Structures are given as structure tokens and as C-alpha cells.
Engineer: 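One structure, as C-alpha cells, below. Some questions next.
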Amino acid sequence: MSGNAARLNAISSIVSAPDIVSGIDFVSSPTSSVWGDNVFSLNEMAKRLPKSTFKSLKKTITSGEQLDITTADAVAEAMKTWALGKGATHYAHVFYPLTGLTAEKHDSFFDPDGDGGTIATFAGSALIQGEPDGSSFPNGGIRQTFEARGYTIWDVTSPAYIIENVNGTTLCIPTAFVSWTGEALDKKTPVLRSMQALNKQTQRVLKFFGTDGPFVSATAGAEQEYFLIDNHFFYSRPDLLACGRALFGSPPPKGQEFDDHYFGAIPERVQAFMFEVERECFKLGIPSKTRHNEVAPGQFEIAPVFEYANVATDHQQMMMTILKKVATKYGMACLMHEKPFAGVNGSGKHVNFSMGSSAAGNLFDPGDTPAENAQFLVFCAAMISAVYKHAKLLRAVVASASNDHRLGANEAPPAIISIFLGAELNEIMEAIVNGGTVKSKKSSLSVGVDVLPPIPKHSGDRNRTSPMAFTGNRFEFRAVGSSQSIAGPMVALNTIMAEALDEAATMLEAADTGTPEKLGKAVAAYVKKIWTECSSVVFNGDGYSDDWHKEAERRGLPNLKTTADALGVYLDKTYTDLFEKYGVLSERELHSRYEVYAEQYIASVNVESNLVVEMAKTMIFPSAVRYQGELAGSLAALKAIGIEADHDTVLMVTGLIKDLQDSVAVLEDLKHKEHETDGVQAHSLFIKEKILPQMLVIREKVDALEGVVADNLWPLPTFQEMLTIK
Ligand code: ADP
Ligand code: MG
């Protein structure tokens with residue numbers, strides 16, 4: 001079958017596809033009734049464990065201490081019984097290597113009993129520690145192969161769960177993955193360490209407000225954007241299959257200009273898919289909450305209710321797996337790439353970030369009482385200072401080859417990290433620093449740290465272009481890419497907040513805070529200091545505009561446009577010091593991350609550039625030549641009957657074919673030179689400066705050909721088809 005036939009067959013298969021039939025009886029078994037069914041939750045443990053064991057487990061969960069082996073044995077036994085009751089035959093230690101993916105090693109519960117039968121065993125030691133052969137996971141030089149041992153260690157703070165398959169179920173145990181020397185080889189370990197660091201510094205500040213004590217945890221709610229396209233199209237595009245994005249193709253004639261997709265009616269098949277995704281999430285205790293169409297045609301969003309950072313991180317990863325798996329069931333591919341279709345809106349993962357405890361409440365909530373107001377101002381100022389000081393780090397943790405097509409490219413938010421406060425909060429900060437009044441709806445308030453006018457939660461000026469926007473009771477980190485794990489962003493936010501709160505606590509501890517008035521003065525002094533030093537990072541305007549780029553440069557804010565520019569941040573001494581000081585990552589661990597992420601950048605672009613060459617030669621060139629032949633043939637036929645027709649089109653096609661061949665030859669040449677670069681840093685820069693731009697040159701030729709070659713000869717499903725045929 002020639003390429004174009006595959007494309008046309010894809011369309012007719014979709015058009016004639018039978019209606020979707022669901023196997024779920026949602027009336028007798030509503031989704032609400034399956035909530036947490038597959039989670040070994042605290043409730044489940046309380047039911048199944050002796051009181052004393054449950055108590056000691058709970059203590060471990062809140063304190064983060066190691067589980068003693070007697071408790072572990074009892075928990076393992078109860079977990080096994082529960083899992084077998086759910087049809088499980090195997091258990092798996094699930095971990096999160098630096099690839100950003102999820103890894104798991106399955107072991108059977110069943111052993112031969114020596115008498116010809118089997119016996120199900122699961123010891124505490126097998127629950128708390130596993131030893132996968134981790135040598136093939138990227139480690140950035142931490143492990144030599146001769147010391148390849150890596151261990152997985154149960155994260156007691158994240159519950160175990162059951163994953164279903166049509167032919168069986170598996171008990172999954174969330175774990176941290178470390179080398180035999182205890183170094184973090186994964187994304188979870190630093191999240192847990194950074195949560196400890198954040199709690200420690202927060203407690204010092206909360207002492208002044210009498211709200212210290214219970215563990216303060218970072219909270220995260222990640223809004224996930226994604227595209228859905230029919231599998232027939234997906235499988236006829238090698239670029240989508242191998243890279244997750246279209247390397248060629250022009251924007252559809254009907255794009256976003258009518259704004260008719262955003263929040264529009266959800267197509268039937270997509271709706272069915274969403275129902276099932278939510279059901280799967282619910283079974284696993286993932287609090288999926290909102291769903292809607294996104295801005296671009298074919299683009300959608302799902303968002304859960306926020307949870308503690310480490311659980312939210314695990315759940316976010318599980319949610320991506322569920323989205324992909326369920327999409328396949330409905331004959332679709334779920335694209336999580338940040339920019340699958342050039343010229344069409346890309347996908348992000350907006351990470352809503354806050355922190356709180358049972359005693360202190362949500363620390364980014366301005367509150368109603370004077371004490372709450374003052375407490376809020378300390379935390380808000382700390383956030384401003386953290387983002388100001390570590391804008392580069394926040395850029396680095398969202399850097400990837402795919403996210404580069406959003407950030408710094410033609411899309412909001414820009415690669416410049418700034419913070420949006422909104423007019424009200426900005427005015428309040430100014431008034432505190434300069435002394436003054438703020439007009440609220442009812443009156444004019446003389447603003448102090450203990451009197452804040454109400455700050456609207458969803459004010460009209462909600463900013464959609466800011467990479468870090470205050471939204472009334474949390475900050476929304478919008479620069480995170482749709483395909484990324486939220487672990488890196490969480491680690492960065494927790495650690496830079498820990499440092500900022502360390503500074504705040506040190507200042508308050510040195511001040512006289514004996515009375516509420518004196519404490520108010522000390523808080524005002526801290527806020528004033530931060531505002532004076534750091535308010536250049538505050539930007540309430542349009543982050544999308546060219547003016548902002550100029551203005552940001554004038555303010556001296558960093559603008560690290562690509563991954564090649566941003567990843568070097570991991571090697572800065574500032575960051576080795578910061579992460580070591582708060583016990584989050586050692587120098588070796590941090591540098592290993594640089595190595596792994598730079599290699600990933602190189603590897604992803606390498607796959608793309610290989611494919612650009614291959615598709616140009618084996619798909620685009622042949623179709624263009626066929627069309628050229630058709631044109632030449634008809635000109636010759638016309639000439640034979642004495643008609644001299646216009647040669648313009650055939651000349652143009654011939655020119656484009658020549659340009660295509662030339663530009664492919666240039667890329668091939670560059671790809672040879674690429675391997676002569678010395679080290680990952682030089683290699684990354686070569687990719688950014690030479691390879692990626694040349695891929696774009698080729699794309700221009702291909703897209704121009706797409707606009708002239710006869711439709712029935714074009715081999716690749718078009719954006720129009722992929723985005724609108726459901
Ligand atoms: P919008 O699209 O208006 O930004 P959504 O409802 O799609 O809002 O998503 C908002 C996200 O913010 C949800 O995941 C929500 O649970 C989360 N969120 C709300 N409060 C907090 C908080 N205190 N900490 C972290 N995330 C929060
Ligand atoms: Mg949203």
C-alpha cells in the first residue's frame with residue numbers, strides 16, 4: 001500500500017467505524033462507588049492490622065522514619081491477603097528513574113511449597129526493599145557497572161495499589177530508587193527530601209504565629225493538557241509514533257480563530273474516553289475533578305484535586321499512564337508532547353503549588369484575621385524572593401527538547417521566569433513598603449501587615465501568560481511541560497522556599513517580636529526587604545509581548561531560551577551549595593542529573609533528525625516526484641496537441657524538490673559533524689545552533705510541497721484531518 005493509500009484508508013476507516021460500546025454498567029456500578037477500591041489505604045490498613053502495628057505504621061508515615069521489620073512483616077502479610085483477594089498474582093516495586101517514566105519489576109507471590117503445590121509468601125523485607133537490576137537506567141555516572149546494584153525502598157507515605165489487566169492484577173508498591181551507596185537514582189527520593197527541608201524551615205517561621213507543630217507539606221494540583229487523535233492517523237505518521245510530534249505539516253485552515261473548541265461540547269468518543277479515565281483514576285484514589293476541551297482543536301484537559309506533593313507526583317505519573325492506556329481502548333492516541341502540531345497551541349501541565357498543615361491551614365491563603373494576614377505576607381514575600389533568586393533553576397527544571405517548542409518559542413508562557421501577583425496584591429505590597437492606603441470595594445484601608453483588604457480568588461485580571469501566577473490561594477507554575485514528571489518542579493519549589501523561609505526565620509528570630517505589634521513590625525521589615533530586593537521579578541502584564549522581552553532584559557531577568565542554555569544551571573556552584581545545604585541533592589547527584597538530562601536532550605533531537613531525513617527521502621520526495629511526473633506528463637500531452645501551457649507549477653515543484661534534496665544533504669552532513677563535538681555541553685549547543693535550525697529549513701520545503709502536491713498523492717495525514725476528524 002503506498003503512503004497516500006494508507007492515509008485515505010485511515011480516513012474511511014474512521015468515518016465508517018462502528019459506534020462505541022462500553023462494557024461498563026455505570027448505573028449499577030457508578031464511578032463514585034469504586035473510589036479507592038484498588039488502594040491499600042489507611043482505612044484498609046486500620047481494618048486489617050492489629051491496633052499497635054497500625055499505630056507504629058502511622059507514626060512512620062508522619063515522621064518519615066524507617067519501618068521496623070516486625071511491623072513490616074505484619075503490614076506485608078495484610079497487604080498480601082488484601083491483594084490476593086483482588087486477584088493479584090504478582091507484586092511490583094514501582095519506581096521513577098530519571099528518564100521521567102515509570103519503571104516496575106514484577107515478582108510472583110507464589111513459590112513451590114516442596115510438596116507439589118504452591119504457597120503465597122510476601123515477607124516484610126520484600127515489601128520494604130527490592131533489588132531490581134537497575135544497571136540499564138540512566139544514572140549520569142553515579143554508578144559504575146561493577147557496582148550496578150540499585151535498591152528500591154517502599155515510600156510508606158504513598159499507598160500501595162492494584163493495577164488491573166484483562167488477564168490478572170498486580171500489587172504495586174511505590175518506592176524510592178537508590179544506589180548501594182544511598183545516592184538517589186530517581187525522581188522520588190529528592191521530592192521526599194525536599195519536603196523534609198521545607199517542613200523544617202516552615203516550622204521556624206510558624207513558631208511566631210503559634211501554628212507550628214504538625215508536618216507542613218507542599219501541596220500540588222497538576223492540570224494536564226493533551227491531544228487525542230485517531231489511531232489510524234497516529235500509525236500512519238512515523239514522526240508521531242517515534243517522537244510524539246509532527247515533524248512536518250502546516251496548521252489547519254480552520255484553527256483556533258473561532259474560539260469554538262475551548263469549553264465547547266465534548267465529542268462523544270472523547271467523552272466516553274474521559275468517563276473511563278475518571279473511573280480508572282477513582283479506583284486508584286486519584287481525585288480526578290475537572291475535564292474540558294482546551295484551546296486547540298483536538299486538545300483537552302484533566303485536573304485532579306490537589307494532594308500532598310509526593311502523592312500528587314505519583315498520581316500524576318499514574319494519570320499519564322491511564323490516559324495513554326484508555327485512549328488506546330477507544331482507538332485513539334493520547335499525545336502528551338508539549339507541541340505535537342506546530343502552529344497550533346501546545347500543551348502544558350500547570351502545577352498549582354501551595355503548602356500547609358492541619359494547624360496552619362493553607363499558607364498562601366491571605367486569611368481573615370490579622371495574624372493570618374501577617375503569616376500570609378511572610379510566605380508570599382518568601383515566594384517572591386525564591387522565584388527572584390532562582391528563576392534560572394525554575395527554568396532548568398522544566399527544560400526538555402519538547403518543552404522548548406513552547407517556552408521561549410512562539411507561545412506563552414515565555415522562558416523568562418517572572419511572578420504575577422495581580423493588581424490587588426501588588427498594591428498591598430507597595431502600600432506596606434511605602435506606607436499608604438489601599439482602596440477596597442467598601443472603604444479605604446490603611447494597610448499594615450495585619451490588615452489586608454480581601455484579595456479576590458478569581459480576579460478578573462487572571463493572567464494566562466505568566467509562568468508563575470498567584471491565583472488567590474496558591475501559585476500556578478505554568479511553565480511545566482505536559483509530558484514532564486512534576487517531581488523536578490516540586491523539588492525546586494520546595495527547596496527554594498526552604499531557603500527563603502530560612503532567611504525569613506533568621507530575620508524574625510533576630511528581631512524583637514515580644515508583642516503582636518512588634519511581630520507586625522518585624523514582618524513588615526522582612527516584607528520591605530524582599531520587595532526592595534526582589535520585586536523586579538514581579539510582572540503583571542502580558543508575558544507574551546515583545547515589549548516584555550525588552551523590559552525583562554532591562555530588569556536583568558534571565559531569559560534562557562532553550563534546554564541547551566538552561567541545563568548548565570545544574571552545574572552552577574549556587575545550586576550545588578543550595579541543594580547540599582538543605583540535604584536534597586549532593587553535588588554528585590545534581591551533576592548526574594545534568595548528565596542524564598543533557599543526554600536525553602541530545603537523544604530526543606537525534607531521533608527527530610534521523611526521522612526528518614528518512615521521511616523526507618522515503619515519503620515526501622517520492623510523492624513530490626510523482627506529482628512532478630504528472631505535471632510533466634500533462635504538459636507533454638498538451639504540447640502534442642499543439643497547446644503550449646504554463647510551466648510555472650512544474651518549475652516550482654521542481655525547484656522545491658531540488659531545495660528539499662539540498663537541505664536534506666546539509667542536515668546529513670551536519671549529523672556527521674555532530675559526532676565530532678566534544679562532551680555533552682558542546683553537543684547540546686551544536687544541536688541547538690545547527691541541527692534544529694536545519695530541521696526547520698527542511699520542514700519549510702516539505703510544508704511548501706504539502707501546499708502544492710495533489711492531495712491524493714500526499715502521504716501524511718494532515719493537521720486538518722488529525723485534529724478535526726473524531
Ligand atoms: P484553573 O483552570 O482555573 O486554573 P482548575 O480547576 O483546572 O483551575 O485547576 C486548579 C488546580 O489547583 C486543581 O488541581 C486544584 O485542586 C489545585 N489547587 C487548589 N488549591 C490548591 C492548593 N492549596 N495547593 C495546591 N493546589 C491547589
Ligand atoms: Mg484549568
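Every number for a ligand or one of its atoms is a count from 1 in the order of the listing. All values reported here derive from a predicted model rather than from experimental measurement. Along the sequence shown, residues carry numbers from 1. Below, all heavy atoms of this structure are taken into account, side chains as well, without hydrogens, waters or symmetry copies.
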Engineer: Output the list of atoms in ligand 1 that are nearer than 4.0 Å to some heavy atom of Val305, sorted by atom number.
Structural biologist: 16 (O)
Engineer: Out of curiosity, is Met355 lining ligand 1, as in a heavy atom under 4.0 Å away?
Structural biologist: no
Engineer: Which one of Pro304, Ala220, Ala303 has a non-hydrogen atom at the shortest distance from atom 13 (C) of ligand 1?
Structural biologist: Pro304
Engineer: Counting heavy atoms only, which of Phe306, Tyr308, Phe364 comes nearest to atom 21 (C) of ligand 1?
Structural biologist: Phe306
Engineer: Looking at Glu499 and Lys581, is any side-chain nitrogen of the basic one under 4.0 Å from a carboxylate oxygen of the acidic one?
Structural biologist: no
Engineer: Going by an N to O cut-off under 4.0 Å, is there a salt bridge joining Glu503 and Lys389?
Structural biologist: yes
Engineer: Which atoms of ligand 1 are found less than 4.0 Å from any heavy atom of Glu301?
Structural biologist: 7 (O)
Engineer: Charged N to carboxylate O below 4.0 Å: is that the case for Glu276 and Lys329?
Structural biologist: yes
Engineer: List every atom of ligand 1 that sits less than 4.0 Å from any heavy atom of Asn362, numbering the atoms from 1 in the order shown and giving each element.
Structural biologist: 23 (N)
Engineer: Kindly determine whether Leu557 and Trp548 satisfy side-chain contact (heavy atoms from CB on, under 4.5 Å), including the steps that lead there.
Structural biologist: CA-CA 11 Å; Leu557 301 179; Trp548 170 231; 3.6 Å; yes
Engineer: Heavy atom of His350 under 4.0 Å from ligand 1?
Structural biologist: no
Engineer: Any idea which heavy atoms bring Leu284 and Ile162 closest together, and the distance?
Structural biologist: CD2-O, 3.3 Å
Engineer: Testing the basics here: between Phe376 and Phe364, what is the closest heavy-atom pair and its distance to 0.1 Å?
Structural biologist: CE1-O, 3.4 Å
